[in-house]
Amino acid sequence: MNIDPRTEFLVGFGGVSGSTAVSATFEPGTDVEHRGRGMIARGGGCSYGDAAQRGGGAVVHVTADPSAITLDLVSATVKVSAGHTIRQVCQELLKQGWFLPVVPGTSYATVGGCIAADVHGKNHVHVGSFGQHVVSIDLVDGSGVEHHFSATEDPDAFWATVAGMGLTGVIVSATLRMIADKSGWMTETTAMADSFAETMSLMRELAVSHHHVAAWVDLRSRHRGVGVVSAANHIDACAFDASRKSHQLRSPLPCPRTSVSVLGPQRLAFLNAAKVISARRHVGRVGTVAQKRVPIESVLWPLDAVANWNRLYGRHGFIQYQVAIPDGAEDVLIGISKRLATLPVYLCTLKQMGQASLAPMSFPLPGWTIALDIPANAPGLWDALHCADDAVAEVGGRVYLAKDVRMTAQHLPTMYPRLDEWRQVRNRLDPKGNMNSDLGSRLGLLDSFS
Amino acid sequence: MSAVGVRSVLLLGGTSDIGTAICRALVDRGATRVVLAGRDPVGLALRAATLKHVNIEVSLLDFDVVDSSRHRDLIDRATEMVGDLDVVICAVGVLADEQGIDADPVAIARVVAVNMGGTMGVMAAASSRLQHQGHGTLVVLSSVAGFLVRSDNPIYGASKAGLDAYACALDDLLRPSGASVLVVRPGFVRTAMTAGMADRPMATTADAVAAAVVKGMDHDAHVVWVPRPVGLVMNGLRLLPRSILRPLLRRQQ
Ligand SMILES: Cc1cc2nc3c(=O)[nH]c(=O)nc-3n(C[C@H](O)[C@H](O)[C@H](O)COP(=O)(O)OP(=O)(O)OC[C@H]3O[C@@H](n4cnc5c(N)ncnc54)[C@H](O)[C@@H]3O)c2cc1C
Ligand SMILES: NC(=O)c1ccc[n+]([C@@H]2O[C@H](COP(=O)([O-])OP(=O)(O)OC[C@H]3O[C@@H](n4cnc5c(N)ncnc54)[C@H](OP(=O)(O)O)[C@@H]3O)[C@@H](O)[C@H]2O)c1
């Protein structure tokens, strides 16, 4: 490991609680200098909280070797470096008529970050999480030793690295499963529902015939409770009109840096109302649906259309509170959302989730996940989120660590009941405790007993 | 670091009115773990009770600022209790029995030992921890009295002047690591320290100081004056030639 003497201030996508670390570049086989604070890998920095930073320690920037995307058409797999962004991989795959089975809501996340957080897409209910489509992982552990894991070669270490939040070591490369996608286009169905509960049942209905389903629920404007559901399918090769060009990914618009928040409460309510009105115009009214053909990125990564939109929240940044709630506890989910709706929530997205993966620290569980974006300086926010944590833990739900910057260790063992099992495998891979992140130390993830 | 991301706070001078007001403001912003360090266990427990809340964990530590040999240990113990220290507030301070030229040398030495010598020591111990962490803010309660030392409180003023100068230099040392010092220069604040004294012009409250500190942290400021106009006045006065300035600062008989 080469230590670059430059130190660097790093902060998550939400812009809250940054810290300064030494930047390290990567060289397997050597020991790590991290001043006793530990080191952590950082990919695209798209996690919202403090997972990819280590104040006073070292941060390894995992970058990609641009030429290292190798497709194996026989097994329908692709070998990529961990630093490749989902966008780079998908761009390359689309050119050859393929795509990834699971992608997160941003294409700027790296493969390493997607494995480390075991990310989910809008199709979790059908295909599960990212880790469920990883064939093998190459990792350098905290002591600089190289490993190759798969579901059959050291499966414990494989599943501890999936959703391991970088704490088992640095992922160098991985082999992922691919799905065929000849067009790069999707058909998108938009529908509206009048209330939270109706939005959920509409989503269940649409999931029968659609691969990707997600909803946006308005918690702020006078249309409060209105849900806009988007459901989409890849257009398969036969249905795809060969006279049309297959779609390739475009670059995003830039967004200016602001130090003051341009997303004040009134504007948030206005944006929500605008979204409902535009959906109304498109869909007509509640109960009807509209269909259109759209490029793949406008369904899967709508937020990537504007680069650095997170800066709109100004210097205080924002919190994304994302929780998973098991099936049967829908009323708790609705209750939490209603209570948090007293805060200036702009985005509130809802997804259904299916089978959990084998990874002990994986976030998704059969049920629902909701994510709320709230300016970090909203009065009463922190208290409200602590109360929400209590309610979530009580019904066996959990907070998503890739989004978290504020939770205390109190509920961690309840939310992640397989924590100790994961710790044992982690300790085997990193007995000296060389890996650590601000998230890890805040939640005591490395501690043997909590 | 912006006050928004603060989760753990160590207050040195755990019974201080200004210090506990800052803790309350940080708890309102999301801090969940607070350590109060001080000499008086009963006073600390009473302060802890005012901060306690369902999700707030308050711990107490025994601390006397003149006991310099234990300062590093104190910081280590606070770290064991709450993990990384996001904010350390230094609110220790005593007024002097100002007798002009007739002041008791022993009393002078004692005030300087508390306000300057001892406080500098614990600031150094805290700073090395913050530097190690790569983040965190050391909030130092200096005073307007230390910016321009008047002849009606030369001992207190000089001790704060020394402390203030040290804090500013410490900030330079800390910034490259990602940690920083916020120097707070309040005017007259109505607290236990000033109880029974007549209000000075532009008198303020501990809560106003706390609000200014939080705002200063949000803006990553180096110095905050409370109330703000005091800063303008003081900086203006400092530009005056000595022949005009010193008579203005002279003790009024
Ligand atoms: C607009 C937006 C939408 C999003 N939508 C979704 C979504 O729909 N579903 C979802 O699940 N998530 C979503 N996310 C979260 C994001 O996908 C995850 O946080 C993901 O981990 C980010 O990857 P990254 O490369 O940016 O990782 P970073 O943020 O850099 O790091 C995240 C974690 O991964 C670890 N890590 C990164 N690279 C490596 C490596 N090479 N080896 C070992 N560990 C590594 C880090 O140590 C850290 O713990 C979204 C984020 C944004 C900004
Ligand atoms: N009030 C003002 O007008 C004003 C103006 C400018 C600056 N300040 C500064 O602001 C800070 C806080 O003042 P305040 O108004 O909040 O006064 P305060 O309530 O009297 O607080 C002073 C604190 O210092 C502690 N202390 C004194 N000697 C100590 C020692 N040897 N070891 C450990 N702790 C000791 C006291 O603890 P005990 O309870 O154990 O005595 C008390 O907690 C001080 O530094 C003060 O100089 C105050």
Side-chain angles (χ1 to χ4, degrees), chain A residues 5-12 14-22 34-38 49-50 53-59 259-260 313-319 375-387 389-390 405-411 436 438 440-444 447, chain B residues 1-9 23-34 51-59 75-76 79-87 126-137 173-180 211 214-221:
Chain A
R6 259 180 319 135
T7 56
E8 190 183 8
F9 178 80
L10 295 169
V11 66
V16 175
S17 281
S19 66
T20 302
V22 170
H34 48 68
R35 298 183 284 179
R37 294 278 292 173
D50 51 3
Q53 64 196 42
R54 182 55 184 153
V59 168
S259 63
V260 289
Y313 280 93
R315 77 164 72 81
H316 295 296
F318 68 111
I319 299 291
N377 60 341
L381 168 66
W382 302 80
D383 241 1
L385 295 183
H386 283 304
C387 298
D389 287 346
D390 296 342
V405 70
R406 44 147 297 276
M407 197 171 72
T408 57
Q410 183 196 355
H411 292 306
N436 205 354
D438 285 354
S441 84
R442 173 167 56 85
L443 294 176
D447 300 358
Chain B
M1 136 184 241
S2 154
V4 157
V6 173
R7 291 147 312 203
S8 57
V9 184
C23 286
R24 264 196 307 278
L26 291 173
V27 162
D28 282 347
R29 288 293 197 95
T32 50
R33 282 165 294 174
V34 180
L51 284 169
K52 277 221 176 89
H53 190 275
V54 265
N55 287 300
I56 313 297
E57 192 186 292
V58 185
S59 332
I75 300 297
D76 288 347
T79 310
E80 275 161 30
M81 287 171 155
V82 297
D84 278 3
L85 302 170
D86 293 330
V87 175
S127 298
S128 86
R129 174 69 208 175
L130 298 189
Q131 181 180 48
H132 182 64
Q133 292 175 183
H135 79 280
T137 309
L173 290 171
L174 270 182
R175 291 259 166 188
S177 73
S180 59
V214 166
K215 198 166 162 200
M217 287 181 62
D218 285 346
H219 289 77
D220 202 16

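Throughout, protein chains are lettered first and strands after them, A, B, ... in sequence-line order, and every chain is numbered starting at 1.
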A.B. asks: Are B:Arg7 and A:Asp438 within salt-bridge range, i.e. N to O under 4.0 Å?
C.D. replies: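 No.
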A.B. asks: With side chains defined as the heavy atoms from C-beta onward, is the minimum distance between A:Arg406 and B:Thr32 less than 4.5 Å?
C.D. replies: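 The answer is no; the side chains never approach within 4.5 Å.
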A.B. asks: With a 4.5 Å cut-off on heavy-atom pairs, point out which of B:Gln131, B:Arg33, B:Glu57, B:His219 contacts chain A the most.
C.D. replies: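 Heavy-atom pair counts peak at B:His219.
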A.B. asks: Measuring heavy-atom distances to chain B, does A:Ala376 have an atom under 4.5 Å in its side chain, in its backbone, in both, or in neither?
C.D. replies: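 Both the backbone and the side chain of A:Ala376 come within 4.5 Å of chain B.
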A.B. asks: Which heavy atom of A:Pro375 sits nearest to which heavy atom of A:Leu381, and what is that distance?
C.D. replies: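 For A:Pro375 and A:Leu381, the tightest heavy-atom pair comes out as O-CD2, 3.5 Å.
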A.B. asks: Looking only at the side chains, is there a donor atom on one of A:Arg54 and A:Ser441 sitting less than 3.5 Å from an acceptor on the other?
C.D. replies: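 Per modelled atom types, A:Arg54 and A:Ser441 side chains form a pair under 3.5 Å.
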A.B. asks: Rounded to the nearest 0.5 Å, what's the gap from CG on B:Asp84 to NE2 on B:His132? Could you check?
C.D. replies: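 So the CG of B:Asp84 and the NE2 of B:His132 are separated by 8.0 Å.
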A.B. asks: Name the region of A:Asn377, side chain, backbone, both or neither, that has any atom closer than 4.5 Å to a heavy atom of chain B.
C.D. replies: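 A:Asn377 touches chain B through backbone and side-chain heavy atoms alike.
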A.B. asks: Relative to chain B, which segment of A:Val405 carries a heavy atom at a distance below 4.5 Å: side chain, backbone, both, or neither?
C.D. replies: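 Its backbone and side chain both get close to chain B.
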A.B. asks: Just so I understand: if I count every heavy-atom pair under 4.5 Å between each of A:Arg37, A:Gln410, A:Glu8 and chain B, which residue has the most?
C.D. replies: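 Between A:Arg37, A:Gln410, A:Glu8, the count favours A:Arg37.
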A.B. asks: What part of A:Asp389 gets closer than 4.5 Å to chain B, counting heavy atoms only: side chain, backbone, both or neither?
C.D. replies: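 Neither part; nothing is under 4.5 Å.
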A.B. asks: Identify which part of B:Ser177 has an atom lying under 4.5 Å from any heavy atom of chain A, answering side chain, backbone, both or neither.
C.D. replies: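 It is the backbone, since no side chain atom gets that close.
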A.B. asks: Would you mind reporting whether B:Leu173 and B:Ser127 have side-chain heavy atoms less than 4.5 Å apart?
C.D. replies: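 Side chain of B:Ser127 against side chain of B:Leu173, heavy atoms only: no contact under 4.5 Å found.
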A.B. asks: Against chain B, work out which of A:Gly14, A:Gly56, A:Cys387 has the most heavy-atom pairs shorter than 4.5 Å and name it.
C.D. replies: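 Going by pairs under 4.5 Å, I would pick A:Gly56.
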